[in-house]
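Each remark here refers to the structure printed beneath this line.
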Number of protein chains: 2
Amino acid sequence: MMERIRRQILQALFRESMSVYRLIDEQDASLPEFFELLQQMESEGLIAVEDGKVRLTEKGIEVCESLGLKKIGRFECKCCGGTGYEINEFFQEVMKEYAKIAEERPEAIEKYDQGFISLDGVIRRVEFVYERGDLLKTKIFVVGDDDLFSLASALTGMPEKVFVIDIDERLIDFINKKADEYGLPVEAEVYDVQQAFPDELKKKFDVFVTDPVETIPGIKLFLSRGVSTLKGVGCSGYFGLTTLEASRKKWFEIQMMIHEMGFVITDMRRKFNVYPQEEKNFFRFQEKLPIVKKLGVGIDYNWYKSTLYRIEAVKEPKPLVEGEMIIDEKVYKDEESWATPY
Amino acid sequence: MMERIRRQILQALFRESMSVYRLIDEQDASLPEFFELLQQMESEGLIAVEDGKVRLTEKGIEVCESLGLKKIGRFECKCCGGTGYEINEFFQEVMKEYAKIAEERPEAIEKYDQGFISLDGVIRRVEFVYERGDLLKTKIFVVGDDDLFSLASALTGMPEKVFVIDIDERLIDFINKKADEYGLPVEAEVYDVQQAFPDELKKKFDVFVTDPVETIPGIKLFLSRGVSTLKGVGCSGYFGLTTLEASRKKWFEIQMMIHEMGFVITDMRRKFNVYPQEEKNFFRFQEKLPIVKKLGVGIDYNWYKSTLYRIEAVKEPKPLVEGEMIIDEKVYKDEESWATPY
């Protein structure tokens with residue numbers, strides 16, 4: 001945990017020196033933790049405090065440079081009092097490269113419940129992970145990567161390693177090919193989440209990212225696999241969850257699971273992830289109710305959005321599913337999954 | 001719960017007719033619930049579906065007008081892909097009136113741990129409550145009202161009733177005086193949360209709002225009092241919580257409490273509430289650590305922000321504290337409450 005806060009502080013100070021008060025706002029720790037860390041970083045000779053301003057020392061700058069840090073501006077949106085995330089200059093550049101790659105990606109396949117977030121949605125997610133201090137020099141595990149989050153995050157030049165598993169061989173091949181082409185530290189392997197992970201993937205990562213199918217067994221499985229890859233306390237997970245295919249009761253159960261696995265929820269941003277309309281157009285409303293039969297027109301709106309969750313381990317992470325777990329169809333749909341194809 | 005979704009649908013359609021897909025995005029229910037409700041509203045003669053568009057019937061328009069609905073535009077921020085909240089025309093008007101009132105409010109007093117959110121922060125909070133369908137024709141209970149949320153929300157003309165309790169008589173008098181002056185359905189009463197509420201306040205409200213002191217006993221008490229005022233399943237609570245005075249372990253405990261009381265967390269928006277710098281300038285860093293002694297300069301940044309939580313009852317709401325609970329100083333501070341005055 002405090003390693004993450006240290007990264008947040010370095011990220012901020014490498015951009016510019018600033019008052020302690022402003023620095024407080026650039027990091028996620030509580031005040032006692034923050035000031036203890038600041039004191040520690042001062043005694044390590046990384047920072048200096050003068051006239052209430054904190055700056056990096058020469059040694060601090062060297063450390064930042066050796067970590068591959070870049071001067072990245074803030075991206076809190078100026079139009080709405082910082083309640084939203086704009087895409088700043090640095091991440092615009094990342095998005096350009098990412099968009100080029102994404103154009104060539106294999107088409108989504110219904111049977112795998114694929115569907116991907118909009119380009120800028122993926123970049124905002126990367127920004128959010130960066131802002132939390134979860135991107136720089138971290139090892140990230142991605143469970144299912146329709147969105148090519150692996151490539152988007154690696155294009156920042158920051159993660160030490162991104163490891164992807166996905167059931168779709170075409171996608172795995174594509175990711176490996178692009179990683180190679182762009183020289184990115186990304187490695188992808190075909191894997192079905194129903195199979196337990198081999199030991200070499202367990203307890204090796206700092207962060208996991210996934211967009212689970214939205215059934216209880218499915219979420220339990222996806223989150224458990226993600227959780228099983230994390231090193232320990234302070235590690236975090238990011239995932240999307242809709243209100244459309246998951247009712248409040250399901251959310252309640254999921255939140256209980258999260259706690260049971262030893263995690264606190266640190267963020268839940270409604271509608272942070274938008275699935276472009278062309279992606280989720282195979283849904284099954286038509287059969288359901290008379291009123292829906294009257295629709296009869298094309299989709300004119302990006303209606304499928306999800307909430308971005310961030311969870312962080314406050315105890316030793318404990319996956320609820322450890323071994324193999326075959327759940328077939330039940331993983332992919334239940335009575336609430338109206339937008340999920342057969 | 002479905003009453004809330006109904007309000008969200010009416011709010012959207014009273015503004016304009018729209019495609020079903022867009023309407024999905026204007027409400028919080030799952031797809032099965034949404035379509036069932038749509039069907040029900042159609043059979044009640046409130047809405048009509050034609051060519052995939054949903055519109056209000058004449059009867060529907062009458063109902064909206066009798067509810068005092070207004071044509072309110074969306075306020076998702078256009079600069080950041082809708083990830084933030086701008087203040088739209090309608091709420092700008094509300095803010096103007098609110099700002100006039102807030103200018104005259106009694107000064108914050110240290111002993112009550114008072115401190116208020118920025119004006120636009122309060123208005124954004126009102127927007128968020130409105131967006132959730134929790135404002136129109138609802139009864140709102142406010143536990144502690146430094147922010148004058150009661151007056152801000154009532155200035156929209158939407159709540160049926162806002163009831164405020166606060167320990168500070170000056171504040172209560174001020175709120176009652178302004179409510180009277182502006183003809184608002186707001187009622188305020190002096191009350192210490194340590195005392196159990198009288199029966200006439202219990203199980204009477206749809207929504208509670210509070211900004212608890214950030215100690216475990218304090219939060220347990222404030223949330224319990226709020227929860228005790230709610231009618232039942234589907235009712236909701238809004239409160240702010242910082243990462244500055246509440247570590248992840250404390251958050252974990254708080255989230256467990258929320259579940260124990262029968263609630264799911266539906267939203268957690270980091271840094272949604274900003275306390276202007278002049279408000280939290282009595283904090284006690286100076287005594288804590290050598291590094292802090294070096295600060296020695298004025299505060300130049302709004303560093304005190306909190307996460308806005310929204311919780312919703314999925315079971316019969318069950319307050320953890322029922323009777324009187326005297327906790328004195330422990331309510332107001334613990335080893336993490338560095339920004340809270342004595």
Side-chain angles (χ1 to χ4, degrees), chain A residues 19-22 24-25 28 30-33 35 38-39 42 49 51-52 77 79-86 120 124 243-249 251-252 255-256 259 264-272 288-292 294-297 299-301 303 305 312 314 335-336 338-339, chain B residues 19-22 24-25 28 30-33 35 38-39 42 49 51-52 77 79-86 120 124 243-249 251-252 255-256 259 264-272 288-292 294-297 299-301 303 305 312 314 335-336 338-339:
Chain A
S19 78
V20 174
Y21 303 102
R22 175 136 188 205
I24 289 172
D25 194 43
D28 295 347
S30 66
L31 291 172
E33 291 167 320
F35 280 113
L38 216 58
Q39 203 167 19
E42 191 189 30
V49 184
D51 303 328
C77 179
C79 309
C80 57
T83 56
Y85 285 74
E86 60 170 35
D120 58 328
R124 278 197 183 84
T243 51
L244 297 174
E245 300 200 82
S247 61
R248 275 88 44 223
K249 287 212 165 168
W251 275 44
F252 184 71
Q255 291 177 8
M256 304 274 267
H259 289 161
V264 63
I265 306 165
T266 67
D267 297 88
M268 282 170 51
R269 294 191 69 94
R270 192 186 284 267
K271 296 185 186 176
F272 199 70
K288 294 285 178 182
L289 292 169
I291 198 167
V292 192
K294 298 186 199 165
L295 294 182
V297 288
I299 297 171
D300 63 342
Y301 191 79
W303 59 279
K305 300 180 182 177
E312 182 175 323
V314 288
E335 68 287 351
E336 289 173 358
W338 282 30
Chain B
S19 78
V20 174
Y21 303 103
R22 175 135 187 207
I24 290 172
D25 194 43
D28 294 348
S30 66
L31 291 172
E33 292 168 320
F35 280 114
L38 216 57
Q39 203 168 18
E42 192 190 29
V49 184
D51 303 328
C77 180
C79 309
C80 56
T83 56
Y85 284 76
E86 60 169 34
D120 59 329
R124 277 197 185 83
T243 52
L244 296 173
E245 300 199 83
S247 61
R248 273 89 42 224
K249 287 213 166 167
W251 276 44
F252 184 71
Q255 292 178 6
M256 304 273 268
H259 289 161
V264 63
I265 306 165
T266 67
D267 297 87
M268 282 170 53
R269 294 190 69 94
R270 191 186 284 266
K271 295 185 186 175
F272 198 70
K288 295 285 178 182
L289 292 169
I291 197 168
V292 191
K294 297 186 198 165
L295 295 182
V297 286
I299 296 172
D300 63 342
Y301 190 78
W303 59 278
K305 301 180 181 175
E312 181 174 324
V314 288
E335 69 286 352
E336 289 173 359
W338 281 29

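Residue numbers begin at 1 in each chain, while the letters A, B, ... track the order of the sequences. Predicted, not measured: the structure shown is a model, and the values here were computed from it.
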| Under the 3.5 angstrom rule, does the side chain of B/Gln255 hit a backbone N or O of A/Ile265 as a donor-acceptor pair? |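 Answer holds: yes.
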| query | Got a donor-acceptor contact below 3.5 angstrom from the B/Ser247 side chain to the A/Ser30 backbone? | reply |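 No; judged by distance alone, with no hydrogens or angles, the pair does not exist.
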| Between CG of A/Asp267 and CG of B/Asp267, what distance do you get to the nearest 0.5 Å? |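 It is 12.0 Å, given to the nearest 0.5 Å.
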| Rounded to the nearest 0.5 Å, how far apart are CD of A/Glu245 and CG of B/Leu31? |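 Here the interatomic distance stands at 6.0 Å.
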| field | Gamma sulfurs of B/Cys79 and A/Cys79 within less than 2.5 Å | value |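 Judged by the SG atoms alone, which are under 2.5 Å apart, A/Cys79 and B/Cys79 are bridged.
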| message | Using the salt bridge (charged side-chain N to carboxylate O under 4.0 Å, His left out) criterion, which residues pair with B/Arg248? Sequence neighbours excluded. | response |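 Salt bridge (charged side-chain N to carboxylate O under 4.0 Å, His left out) list for B/Arg248, sorted by chain: A/Glu33, A/Glu312.
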| task | Under the salt bridge (charged side-chain N to carboxylate O under 4.0 Å, His left out) rule, collect the residues that match up with B/Glu86, sequence neighbours excluded. | result |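 Residues passing salt bridge (charged side-chain N to carboxylate O under 4.0 Å, His left out) with B/Glu86: B/Lys78.
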Closest contact, heavy atoms only, [X] versus [Y]:
X        : Y        : value
B/Asp28  : A/Thr243 : O-CB, 3.5 Å
B/Asp25  : A/Lys271 : O-NZ, 2.6 Å
B/Trp303 : A/Tyr21  : CB-O, 3.1 Å
B/Val314 : A/Lys249 : O-CE, 3.9 Å

| Taking every heavy-atom pair that is under 4.5 Å apart, which of A/Arg270, A/Arg269, A/Arg124 has the most such pairs with chain B? |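 The option with the most such pairs is A/Arg270.
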| When only pairs under 4.5 Å are counted, which of A/Gly84, A/Cys80, A/Gly81 shares the most heavy-atom pairs with chain B? |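 The answer is A/Cys80.
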| task | Mind telling me whether B/His259 and A/Phe252 have parallel, tilted or perpendicular rings, with 30° and 60° as the class edges? | result |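 Perpendicular.
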